[in-house]
Amino acid sequence: MKTLDPQYDPSGSEKAIYEKWVSEGYFGSSPEPEKDGYCIVIPPPNVTGALHMGHALNNSIQDILIRWRRMQGRETLWLPGTDHAGIATQNVVEKQLATEGKSRHDLGREKFVRKVWEWREQYGDRIIDQLKRLGCSCDWSRQRFTLDEGLSKAVRTVFVALYNEGKLYRGHYIINWCPKCLTALSDDEVEHKSQPGKLWHMRYPIVGEEGYVVVATTRPETMLGDTGVAVNPKDPRYKSFVGKSVRLPFVDRDIPIVADEAVDMEFGTGCVKITPAHDHNDYQIGKRHDLEELNVMTDEAVINSNGGPFEGMDRMECRKELVKRLEDMDLLEKTEDYELNLSVCYRCDTAIEPRLSEQWFVRMRELAQPAIEAAKSGRVKFHPQRWSKVYYDWLENVRDWCISRQLWWGHPIPVWYCQDCGRTIVAVETPTECPDCANENLEPDPDVLDTWFSSALWPFSTLGWPEETEDLNATTYPTDTLVTARDIIYFWVARMVMMGEKFMGKEPFSHVLIHGTILDEIGRRMSKSLGNGIDPIEMIDIYGADAVRFSLINLTIEGQDVKLSPKKFEMGRNFTNKIWNATRFALMKMPAELDTSGPLDMDELTVYDRWILTRLSETIETVTAEQEDFRLNPAVSEIYSFFWNDLCDWYLESIKQDLSDDAPASRRQNAARVFLAVLDSALRLLHPYMPYITEELWQYLNRYFPARTLGEARNPSESIMIARWPEATDFPRFGEDVERMEMVKKAVSAVRNLRGTRDIKQRKELSALFDPSSEANASVLKSQLPLISRLGNLKSIDVKVGISAPDHSATELVPHLTLYVPLGEVVDLEQERARLQKKLDEQTRYIMGVEMKLSNKQFVNKAPQQVVERERERLARLRELEGKIRMTLLQMV
RNA sequence: GGGCAUAUAGCUCAGUCGGCAGAGCGCUACGCUCACAUCGUAGAGGUCGCUGGUUCAAGUCCAGCUAUGCCCACCA
């Protein structure tokens, strides 16, 4: 007989178990069109990434769903992979180069890109290995990378198709430029930070006359690129100025004063400097008034030759110097403190420099419509539902998407320019000559695509599209559930639906499960800069993967954020230990010869056997229903309390005697069989949440007791991973036995209660007299005397309706049950009396409350009959109890 | 400026159809009884953010308010 250690140590077994799963091919999938499929595509983590708590939560959820559906017999596919993460990865490798004193320009593009690939080969699977430690049951044979060959083909195919339809265009527009990453960013990649700043009021002298206008700005350095000044046409203060010009200091350019509705008369001076090349609004205003667009900065946001005396200065340096000189020239009217909304790069936090440049854009309006429709029609459902509103808001107000990035790492834009005739060639395959002039001198577009462009195709590009592969069929696409966090609803979710509708003609998934964000103990986002992150791998090292998974799910309620601390994982660790020990007990106590050949005779079972089977059936039903609703937290809580409270605290304690050597053989057989069946199903219920420990223990159970009699697993000997998900109907329900067991629990609790409140040692055996108020209850108790005396540590029990209190006894009164325990001289009668009196007062108060309610005609007439009836019963119960207490008090005198 | 979320025990949070306020942690007392001290038994601890309203009945529904957090938005 196998004896387990008294404490569960996950570190010894997790790795071997995982390897076994992989080598047996349990994660694999063979999606065929006629199968009942269940497919999830992983949100591909960045290759540069290390697993953080957000990933741990995200992937735990996916693994739970996949494992559960797999056990239900669905053809599951969890498709894994990583994202090439343009900027992030390029930055990492550039940083590495920098330590060698080199830049990517020293290497040149080709060599640099090769270097990044090398980096990926070396480090890119780190996060994959970490996902494996978490226990993720992805089909690793299908692992994809957003930059691998198949996906590149998908990207180019989509690009060409959109271009040919006129949904892609290249143009000279103002975009968000990161002067550190040296690339354009989409609007969504810009973050906004509130920051204290200043509002400088500058004087621009009017040309040809005395005086000046005062413009207010938060960015004085951009004045070098001003090509106009705008006022509101309705502003009486400036009416006479419209049409005149001002002379720009330092660069001595005359620029016009124009009237534009967009100017807010209330703000600042009501007079705005216009810098079309360095501000989104100014760009629009400039277009309307045909103002010159003058770029005054280099890629690195250093003032260029258009900046006159400030050429060569960094923008911030220039700002300082420029303000100082304005002041010297008496052109600075005043400086105000101002809270500004600073735009920063989401990757490096550098202040964005809006900048005019040549970029590629996707026309979004039309593409967005089917994506909106997909959600409106219910084909794509958000959980919780409120996130659909965020999704709609973005899609309904979507702006064109800037997709070109001035990076080297990424999908090259499949466009070539004929150096001879100037023709633009957009093609899936690299062209060798110009179709117009046959010239071979073709220059490729230097830019790459936004990483999110390839991510948008992920749900079908990973399945082989545009090739017509076997994997791409109704079993896999649309996939079932996308599990993700709210911060990429725009970046990713909306764009996937858009592209899925466009190129597959179908939504890419039916459900979007948005989970909460993991925060630190005091509610801040976990971030590298704050250093407040908790490393999931470190937690797995300490507590085990199952404990980490369980704890995370147990803390995560329906999309609510989670405040996390390392201590929270102790709960999961404790639970694993509980499961371990319940099984340990089973293995220790099983009879040497367990006969499981015939069916279990239900008539031979005890009250507690039938009770636990009923509770199990109910638990299975609830858990399955909650999971169907994506409510994993209520599901797992249900299993937790079933396992700990019902199974361990009550059932296991109840059968201890039955499993001992001196118990009758048939009783021992039956108790063992029921216990085994319950344990087996409980482990199967727990498996999606805690895959490792359930597998390990299940194997132990299998090895020694391969045959089952209830809730038969599909393949008892192989792996719990592919065992059958339990069904409520696997077990009979016995309503009456549940009631009986509740009565027994009440009696035992009364004894324990009496002990606890009177400082009577657990070890001391007591004599108990129960007055169960009805003959029915009396017979229930009488039939369970051995159990009650065992659980209550009693040496004798009397059960009699209407029994009167013996002398020198302590009394415990609960509804329908009075317990007397004679304590001889040790009983403190004064205290007993006080206790009873207090209880009596309490009952009287309750009774008054209920009487009041019942004497209220409104209540009796309007409340449902059921509720009124319940109150009446309650009153009867309370009165009975009150009477009982009074009587006992009288007897004590 | 708009939108969303949150407010319940000392802490972190559950609470579905409106019908007797729950869990984990922490705290107190007792117990190393042969599954588990990562445990067991018992206990203390609540004006459900505030103000109104609907209802026989409100933690739960409605309105308003306060506080906190997040998202969106071109007032320089």
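Chain letters run A, B, ... following the sequence lines, proteins first and then strands; every chain starts at 1.
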S.K.: So A:R870, base contact, sugar-phosphate only, or nothing? Heavy-atom distance under 4.0 Å.
M.R.: sugar-phosphate

S.K.: Using the P atom as the reference point in each nucleotide, state the distance between B:rA63 and B:rU54 in Å, no decimals.
M.R.: 15 Å

S.K.: Look at all strands and tell whether A:G544 reaches a base, only sugar-phosphate, or nothing, counting heavy atoms closer than 4.0 Å.
M.R.: nothing

S.K.: Without decimals, in angstroms, what is the distance between A:K857 NZ and B:rU55 P?
M.R.: 20 Å

S.K.: Looking only at atom C1', what distance separates B:rC25 and B:rA14, rounded to whole Å?
M.R.: 14 Å

S.K.: Whole angstroms only, please: what is the OH-C1' distance between A:Y283 and B:rC74?
M.R.: 14 Å

S.K.: If I take atom CZ in residue A:R845 and atom P in nucleotide B:rC20, what distance separates them, rounded to the nearest angstrom?
M.R.: 18 Å

S.K.: Is any NZ, NE, NH1 or NH2 atom of the basic residue among A:R219 and A:E221 found under 4.0 Å from an Asp or Glu carboxylate oxygen of the other?
M.R.: yes

S.K.: Using the P atoms only, state how far B:rA58 lies from B:rA21, rounded to an integer number of Å.
M.R.: 12 Å

S.K.: So does A:R525 pair up with A:D561, basic N to acidic O under 4.0 Å?
M.R.: no

S.K.: Can a donor-acceptor pair be found between the side chains of A:K273 and A:T275 at a distance below 3.5 Å?
M.R.: yes

S.K.: Base, sugar-phosphate alone, or nothing: which one does A:L652 contact when heavy atoms must sit under 4.0 Å apart?
M.R.: base

S.K.: Could you tell me whether A:R668 and A:D658 have a side-chain N and a carboxylate O separated by less than 4.0 Å?
M.R.: no

S.K.: Among the candidates B:rA35, B:rC20, B:rC4, find the nucleotide nearest to the side-chain atoms of A:R386.
M.R.: B:rC4

S.K.: Determine the contact category for A:N341: base if any of its heavy atoms lies under 4.0 Å from a base atom, sugar-phosphate if only primed atoms, P, OP1 or OP2 are that close, otherwise nothing.
M.R.: base

S.K.: Looking for any heavy atom pair under 4.0 Å, which part of the strands does A:E521 touch: base, sugar-phosphate only, or nothing?
M.R.: nothing

S.K.: Between A:F382 and A:W387, does the ring centroid distance fall short of 6.0 Å?
M.R.: no

S.K.: Taking atom C1' of B:rG69 as reference, at what distance in whole Å does atom CZ of A:R486 sit?
M.R.: 9 Å

S.K.: Can you list the stems that include RNA chain B, where a stem is three or more consecutive Watson-Crick or G-U pairs with distances under 3.5 Å?
M.R.: B:1-7 with B:66-72, B:10-13 with B:22-25, B:27-31 with B:39-43, B:49-53 with B:61-65

S.K.: Taking the P atom in each of B:rC48 and B:rG3, what is the distance between them to the nearest angstrom?
M.R.: 30 Å

S.K.: Answer yes or no: is there an ion pair linking A:E880 with A:R877, defined by an N-O contact shorter than 4.0 Å?
M.R.: no

S.K.: For the atom pair CG (A:D400) and CD1 (A:I175), what is the distance rounded to the nearest 0.5 Å?
M.R.: 14.0 Å

S.K.: Over how many whole Å does the gap from A:D649 atom CG to B:rC39 atom P extend?
M.R.: 11 Å

S.K.: Applying a 4.0 Å non-hydrogen cut-off, can you work out what A:Y490 is touching in the nucleic acid: base, sugar-phosphate, or nothing?
M.R.: sugar-phosphate

S.K.: In whole angstrom, give me the gap between the C1' atoms of B:rG40 and B:rA57.
M.R.: 40 Å

S.K.: Please state how far atom CG in A:L564 lies from atom C1' in B:rC25, giving the value in whole angstrom units.
M.R.: 14 Å

S.K.: Does B:rG31 have OP1 or OP2 under 4.0 Å away from a side-chain N or O of A:K761?
M.R.: yes

S.K.: Using atom CE of A:M571 as one end and atom P of B:rA14 as the other, report the distance to the nearest whole Å.
M.R.: 13 Å

S.K.: What's the gap between B:rA9 and B:rC27 when it is taken at their C1' atoms, as a whole Å value?
M.R.: 12 Å

S.K.: Using a cut-off of 4.0 Å on non-hydrogen atoms, how would the nucleic acid contact of A:D393 be classed: base, sugar-phosphate, or nothing?
M.R.: nothing

S.K.: Should the ring pair A:F491 and A:Y346 be called parallel, tilted or perpendicular, given that the plane angle runs from 0 to 90° and is split at 30 and 60?
M.R.: parallel

S.K.: A:Y338 ring centre to A:K198 NZ or CZ under 6.0 Å, with the angle to the axis within 45°?
M.R.: no

S.K.: Have a look at A:P634 and say if it touches a base, only the backbone sugar-phosphate, or nothing, with a 4.0 Å heavy-atom cut-off.
M.R.: nothing

S.K.: Under 3.5 Å, is there a donor-acceptor pair between the A:N176 and A:H280 side chains?
M.R.: yes

S.K.: Quick one: label A:Y338 by what it contacts on the DNA or RNA (base, sugar-phosphate, nothing), any heavy atom closer than 4.0 Å.
M.R.: sugar-phosphate

S.K.: When we call it a touch if two heavy atoms are under 4.0 Å apart, what does A:R525 touch: a base, just sugar-phosphate, or nothing?
M.R.: nothing

S.K.: Report, one pair per line, the protein and nucleotides 36-38 of chain B atoms (nitrogen or oxygen only) whose separation is under 3.5 Å.
M.R.:
unit_1, atom_1, unit_2, atom_2, d
B:rC36, O4', A:N581, OD1, 2.8
B:rC36, O4', A:N581, ND2, 3.3
B:rC36, O2', A:N577, ND2, 2.9
B:rC36, O2, A:K578, NZ, 3.0
B:rC36, N3, A:K578, NZ, 3.1
B:rU38, O4', A:N574, OD1, 3.2
B:rU38, O2', A:N577, ND2, 2.7
B:rU38, O2, A:R573, NE, 3.1
B:rU38, O4, A:Q7, OE1, 2.6

S.K.: In this structure, how many angstroms lie between the C1' atom of B:rU33 and the NZ atom of A:K764, rounded?
M.R.: 16 Å

S.K.: So, A:Y640 versus A:N645: side-chain donor-acceptor pair below 3.5 Å or not?
M.R.: no

